[in-house]
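Remarks on the structure that follows.
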2 protein chains.
Amino acid sequence: MSVAMPEKRAEVCQEECFHPEMLAKAKKAMLPEETLHDLAELFKALGDHTRVKILNALHHSELCVCDLTSVLEMNQSAVSHQLRVLRAGKVVKSRKEGKNVFYSLDDVHIQQLIEIGSEHVIEQAHGKK
Amino acid sequence: MSVAMPEKRAEVCQEECFHPEMLAKAKKAMLPEETLHDLAELFKALGDHTRVKILNALHHSELCVCDLTSVLEMNQSAVSHQLRVLRAGKVVKSRKEGKNVFYSLDDVHIQQLIEIGSEHVIEQAHGKK
DNA sequence: CATTTACATGAATATGTGATCATATATTAA
DNA sequence: TTAATATATGATCACATATTCATGTAAATG
């Protein structure tokens with residue numbers, strides 16, 4: 001095979017994929033590139049075991065870095081590095097008080113994301129298989 | 001390093017970090033490890049530019065793979081690979097019809113995650129700096 | 001049957017990322 | 001000032017992951 005085969009594999013199916021109106025509609029309803037980019041970055045910031053644990057710990061109240069090292073049972077450096085990612089992704093905010101820095105969830109959206117996400121995975125875990 | 005330095009750096013701050021009750025409360029309220037793990041995997045599945053774009057395209061209606069290659073302007077292989085990740089993470093579901101496979105968001109939670117996440121990043125982008 | 005179409009997937013590669021170690025900075029105390 | 005404490009951060013390394021290429025598979029069609 002593959003000696004003189006100029007016919008490349010179809011990059012897009014040729015039958016207009018059954019419902020071109022839906023396709024056109026979907027294309028029109030796409031969020032702007034920048035928003036999609038930021039959205040991916042947001043979820044990427046949430047998409048790590050350590051960071052999810054941090055957010056879960058911050059769900060009810062602010063905590064300082066060393067509180068978090070205690071909850072997570074991880075060393076301070078690792079926690080700080082992850083907090084940096086969460087700060088950069090506007091997922092948490094920080095407040096300095098003396099030698100301590102207190103972290104909390106950035107806003108109610110983050111709380112909602114954690115809550116809805118938890119509901120989802122818990123539902124998946126229980127039955128519904 | 002490490003000749004006679006018994007004094008290791010404090011792994012946890014020594015003053016009980018100002019509010020030990022909050023700490024105890026946070027520890028108690030932690031979701032089970034398994035849930036946190038699944039939650040991180042869920043967000044990880046959402047945390048990619050290509051996959052966010054796929055979910056955005058699927059927001060209003062199901063689409064087949066080649067519809068998606070058209071919306072994303074990516075080759076079919078790359079799209080299929082990402083769909084596999086979304087399937088594994090229970091983010092989308094699929095339905096076979098003849099030669100085509102139609103994908104749609106798994107449930108309303110996923111829609112909500114996209115909506116709330118979008119709100120968040122749009123708010124961040126507009127002012128509020 | 002053989003061919004085409006729509007999709008899935010293994011391998012390879014380049015890039016991204018998390019934990020650790022060492023160290024820097026800032027705040028407080030002595 | 002010097003020392004100690006709380007946190008931040010650069011460098012490194014091991015590992016994960018996204019895209020591409022090539023190929024496999026299932027359904028429809030001739």
Side-chain angles (χ1 to χ4, degrees), chain A residues 1-3 5 7-19 23 37 40-41 43-54 62-70 72-89 92 94-103, chain B residues 1-2 5 7-19 37 40-41 43-54 62-70 72-89 92 94-103:
Chain A
M1 62 282 284
S2 81
V3 180
M5 297 287 269
E7 34 165 10
K8 53 187 169 187
R9 266 151 168 283
E11 293 291 313
V12 172
C13 61
Q14 295 154 333
E15 312 230 7
E16 300 190 40
C17 299
F18 290 89
H19 30 343
L23 217 186
H37 174 267
E41 293 303 310
F43 287 129
K44 199 177 294 185
L46 301 178
D48 172 80
H49 185 231
T50 299
R51 293 194 292 270
V52 160
K53 226 167 160 179
I54 291 175
E62 65 174 13
L63 294 172
C64 71
V65 177
C66 83
D67 285 334
L68 288 170
T69 66
S70 169
L72 303 193
E73 301 178 48
M74 290 180 66
N75 70 58
Q76 176 266 319
S77 180
V79 173
S80 277
H81 275 296
Q82 297 309 332
L83 285 170
R84 180 177 158 82
V85 175
L86 292 173
R87 251 185 294 127
V92 302
S94 61
R95 175 178 75 76
K96 192 159 190 173
E97 184 179 314
K99 282 183 295 185
N100 299 296
V101 177
F102 289 88
Y103 283 86
Chain B
M1 66 284 278
S2 79
M5 295 288 270
E7 36 166 12
K8 52 188 169 188
R9 267 154 166 283
E11 294 289 315
V12 172
C13 60
Q14 296 155 332
E15 312 231 6
E16 299 193 41
C17 298
F18 290 90
H19 31 343
H37 175 266
E41 292 304 309
F43 287 129
K44 197 177 296 183
L46 301 178
D48 172 80
H49 185 230
T50 298
R51 293 195 291 269
V52 160
K53 226 168 161 180
I54 291 175
E62 63 174 14
L63 293 172
C64 71
V65 177
C66 83
D67 285 334
L68 287 169
T69 66
S70 170
L72 302 194
E73 301 178 48
M74 290 180 67
N75 70 57
Q76 177 265 318
S77 180
V79 172
S80 276
H81 275 296
Q82 297 308 333
L83 285 170
R84 181 178 158 80
V85 175
L86 291 173
R87 250 185 296 126
V92 302
S94 62
R95 176 177 74 76
K96 192 161 191 173
E97 183 180 314
K99 282 183 296 184
N100 298 295
V101 177
F102 290 88
Y103 282 87

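Numbered from 1 within each chain, the chains take letters A, B, ... in sequence-line order.
At the phosphate of C:dA8, OP1 or OP2 sits under 4.0 Å from a side-chain N or O atom of B:Tyr103.
Between the C1' atom of D:dT25 and the CG atom of B:Asn100 lies a distance of 15 Å, rounded to the nearest Å. The distance from atom CZ of A:Phe102 to atom P of D:dT7 is 8 Å, rounded to the nearest whole Å. Between A:Leu83 atom CG and C:dT17 atom P the separation is 17 Å, expressed in whole Å. Protein atom CG of A:Asn75 is 14 Å distant from nucleotide atom C1' of D:dA6, rounded to whole Å. The interatomic distance linking B:Arg84 (CZ) with D:dT20 (P) rounds to 18 Å, in whole Å. If you measure from atom CD of B:Gln76 to atom P of D:dA22, you get 14 Å, rounded to the nearest angstrom. Regarding A:Arg51, its CZ atom lies at a distance of 8 Å from the C1' atom of C:dG18, rounded to whole Å. Atom CD in B:Glu73 sits roughly 13 Å away from atom P in D:dT20 (whole-Å rounding).
When the nearest nucleotides of DNA chain C are assigned to A:Lys96 and A:Ser77 by heavy-atom distance, the more 5′-ward of the two goes with A:Ser77. Heavy-atom distances to DNA chain D give each of A:Val65 and B:Asp48 a nearest nucleotide, and the one nearer the 5′ end belongs to A:Val65.
Here the nucleotide nearest the side chain of B:Arg87, chosen from D:dT19, C:dT9, D:dT9, is C:dT9. Closest contact between the side chain of A:Met74 and the listed nucleotides C:dA19, C:dC7, D:dT7 involves C:dA19. Side chain of A:Lys44, nearest nucleotide from C:dT17, D:dA8, C:dT27: C:dT17.
When all heavy atoms of B:Arg87 and B:Val92 are compared, the closest pair comes out as N-CG2, 3.9 Å. In terms of heavy-atom proximity, B:Tyr103 sits nearest to B:Ser94 at CE2-CB, 3.6 Å. Minimum interatomic distance between B:Asp48 and A:Ala40 (heavy atoms only, all atoms of both residues): C-CB, 3.7 Å.
The number of heavy-atom neighbours closer than 6.0 Å to NE2 of B:His49, taken from other residues, nucleotides and ligands shown, is above 12.
Residue-nucleotide stacking is present for B:His81 and C:dT9, judged by a side-chain ring centre under 5.5 Å from the six-membered base ring centre and planes under 30° apart.
A donor-acceptor pair under 3.5 Å is absent between the side-chain atoms of B:Arg51 and the main chain of B:Leu86, judged by distance alone.
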